[in-house]
J.: 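First the structure, then my questions, so here it is.
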Amino acid sequence: HTLFYYHVVASVLHILSFVLLLQLVFTEGETKRSLSIPYADFESSAADAVVSAGNTTTAAPAASLVIVQKAREVFSDISITSILIVNEAVTAISHLAAVLGFGLYRQTMVEDDRHLEVIRRYVEYAVTAGLLEAALYLLVGGADFSLLLAIVVTNVIMQILGYMIERTTNVSRQLYMNVSGFILLAIPVVTLLTIGAENTEFQALSIYYTVLYALFGLHSLLHILFEQWRAFVDKDAGYVILGIGAKEVLTWMVVALQFN
């Protein structure tokens, strides 16, 4: 099957990227990250209040509440390089599974609109897209565990929507779920673009992330709406190409910024 060759190329590229990333494990200069849960603590503060009695003015202490922002560390010594290595390993294993599937069990892989390929893809994306977003978030200085959790869970929901889009033939439902995916993507996009606006070092990274991740939704939308697009680009092959491009470009941009 044609997808067999796409997955062979993807497997080779991700294995190569995995091996190259392993060379960085013992490289000095990586700054370890940490994640914390922010919270507010209310502390009393004594302030002087002016009290007048007749012709006499005296100062008396008055209590007021001061909001103190604090954070409780939940994870420390996080290696961004290790996250990228795990991400490439999972991706390579996923594509190798597809190589075995289309190579040895072609009929099973293509039946029911390639259902097994669809499951493979969205399970992979639920893990790897979230790992890559975690690496990006930590790189740009993010330290809020709650926000990162929201970004990761959002990615899982987006992949569920993607799977549901492919398992229904109702165009209206497909469009609703596609638009919902774009709305959910705004959470990590706004997070990274906001940081990029404050730090020029990360502007290109945040823009590349936004464009590359949005292309997945655009490919899905074009496949839903236009017969010409369905005839021009095989849906699953398109996702393989987009996956290679997004992961490798963002992974090595992170490495470049991480090690200057």
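Note that the coordinates shown come from a computational prediction; the quantities given were computed from them, not determined experimentally.
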J.: Below 4.0 angstrom, N of the basic side chain to O of the carboxylate: do R167 and D112 qualify?
T.: yes

J.: Which residues pass the side-chain hydrogen bond (donor to acceptor under 3.5 Å, both in side chains) test with Y125, sequence neighbours left out?
T.: none

J.: Using 0.5 Å steps for rounding, measure from the CG atom of L21 to the CD atom of Q23.
T.: 9.0 Å

J.: Can you tell me how far apart CD1 (I165) and CE (M177) are? Round to the nearest 0.5 Å.
T.: 5.5 Å

J.: So P188 and Y209, do their side chains get closer than 4.5 Å, heavy atoms only?
T.: yes

J.: Under the 3.5 angstrom rule, does the side chain of E198 hit a backbone N or O of T194 as a donor-acceptor pair?
T.: no

J.: Are I157 and V153 close enough that some pair of their side-chain heavy atoms sits under 4.5 Å apart?
T.: yes

J.: Search all heavy atoms of G181 against all heavy atoms of L161 and return the closest pair with its distance.
T.: N-CD1, 4.0 Å

J.: Give a yes or no on whether R230 atom CZ has more than 12 heavy-atom contacts from other residues, nucleotides or ligands under 6.0 Å away.
T.: yes

J.: Donor-acceptor pair, distance only, cut-off 3.5 Å: does the side chain of N178 make one with the backbone of G217?
T.: yes

J.: Using the side chain to side chain contact (heavy atoms under 4.5 Å, CB included) criterion, which residues pair with L147? Sequence neighbours excluded.
T.: Y137, D144, I151, T191

J.: Kindly indicate whether the side chain of K247, heavy atoms from C-beta on, has any atom under 4.5 Å from the side chain of N87.
T.: yes

J.: Is the Lys NZ or Arg CZ of R106 less than 6.0 Å from the centre of F4's six-membered ring, within 45° of the axis?
T.: no

J.: Step by step, would you call F102 with T2 a side chain to side chain contact (heavy atoms under 4.5 Å, CB included)?
T.: CA-CA 9 Å; F102 282 105; T2 304; over 6 Å; no

J.: Search all heavy atoms of N155 against all heavy atoms of A126 and return the closest pair with its distance.
T.: ND2-O, 3.2 Å

J.: Check whether any side-chain heavy atom of Y105 sits under 4.5 Å from a side-chain heavy atom of L100, and report yes or no.
T.: no

J.: Can we call the ring centroids of F232 and H223 under 6.0 Å apart?
T.: no

J.: Out of curiosity, T169 OG1 to D113 CG, how far, rounded to the nearest 0.5 Å?
T.: 9.5 Å

J.: Supply the atom-to-atom distance L24 CG to S82 OG, rounded to the nearest 0.5 angstrom.
T.: 10.5 Å

J.: Under 4.5 Å between any side-chain heavy atoms of P38 and Q69, yes or no?
T.: no

J.: Under a 3.5 Å distance rule, please check whether Y213 uses its side chain to pair with a backbone N or O of A129 as donor and acceptor.
T.: yes

J.: Could you check whether any side-chain heavy atom of L257 comes within less than 4.5 Å of a side-chain heavy atom of L139, counting everything from C-beta outward?
T.: yes

J.: Any carboxylate oxygen within less than 4.0 angstrom of a Lys/Arg side-chain nitrogen, looking at K235 and E117?
T.: no

J.: Can you check side chain to side chain contact (heavy atoms under 4.5 Å, CB included) on L3 and D234, steps first, answer last?
T.: CA-CA 9 Å; L3 282 177; D234 179 88; 4.1 Å; yes

J.: Under the side chain to side chain contact (heavy atoms under 4.5 Å, CB included) test, which residues partner S76, sequence neighbours left out?
T.: S34, E73

J.: Look up atom CG in L212 and atom CD in E248, then write down how far apart they are to the nearest 0.5 Å.
T.: 11.5 Å

J.: Would you say that more than 12 heavy atoms from the other residues, nucleotides or ligands in this model lie under 6.0 Å from the OH of Y39, or not?
T.: yes

J.: Please evaluate residues H115 and Y163 with respect to the criterion side chain to side chain contact (heavy atoms under 4.5 Å, CB included), reporting the C-alpha separation (whole Å), side-chain torsions for both, the decisive distance (0.1 Å), and the verdict.
T.: CA-CA 10 Å; H115 189 203; Y163 173 79; 2.7 Å; yes

J.: Tell me if a side-chain donor or acceptor on D41 pairs with a main-chain N or O of V68 at a distance below 3.5 Å.
T.: no

J.: Which atom names give the shortest non-hydrogen contact between A92 and I15, and what distance separates them?
T.: CB-CG1, 3.9 Å

J.: Under the 3.5 angstrom rule, does the side chain of R33 hit a backbone N or O of L138 as a donor-acceptor pair?
T.: yes

J.: Which atom pair, heavy atoms only, marks the closest approach of V233 to G238?
T.: CG1-CA, 4.0 Å

J.: What's the separation between atom OH in Y122 and atom CE in M164, rounded to the nearest 0.5 Å?
T.: 12.0 Å

J.: May I ask you to decide if H7's main-chain N or O and S11's side chain share a donor-acceptor pair within less than 3.5 Å?
T.: yes

J.: Between Q174 and T168 (side chain of the first, backbone of the second, donor and acceptor by atom type, cut-off under 3.5 Å), is there such a pair?
T.: yes

J.: State plainly whether the residues R121 and E166 are in salt-bridge range, i.e. N to O under 4.0 Å.
T.: yes

J.: Name all residues meeting the salt bridge (charged side-chain N to carboxylate O under 4.0 Å, His left out) criterion together with E133; count only those two or more places apart in sequence or in a different chain, and write none if there are none.
T.: none

J.: Looking at A10 and V240, what are the two nearest heavy atoms and their distance?
T.: CB-CG1, 4.1 Å

J.: Side chain to side chain contact (heavy atoms under 4.5 Å, CB included) between M109 and R114: does it pass, once the steps are laid out?
T.: CA-CA 5 Å; M109 292 295 292; R114 303 177 189 165; over 6 Å; no

J.: Who else is in I183's hydrophobic cluster (ILVMFWY, side-chain heavy atoms under 4.5 Å, direct or via others)?
T.: V179

J.: Taking all atoms of both residues into account, what is the closest heavy-atom pair of V189 and T210, and its distance?
T.: CG1-OG1, 3.6 Å

J.: Can you tell me if S17 uses its side chain to pair, donor with acceptor, with the backbone of L13 under 3.5 Å?
T.: no

J.: Using side-chain hydrogen bond (donor to acceptor under 3.5 Å, both in side chains) as the criterion, list what pairs up with D77, not counting sequence neighbours.
T.: none

J.: Of the options V249, L136, V140, which is the one that meets V254 in a side-chain contact (heavy atoms from CB on, under 4.5 Å)?
T.: L136

J.: Should the ring pair H219 and Y239 be called parallel, tilted or perpendicular, given that the plane angle runs from 0 to 90° and is split at 30 and 60?
T.: perpendicular

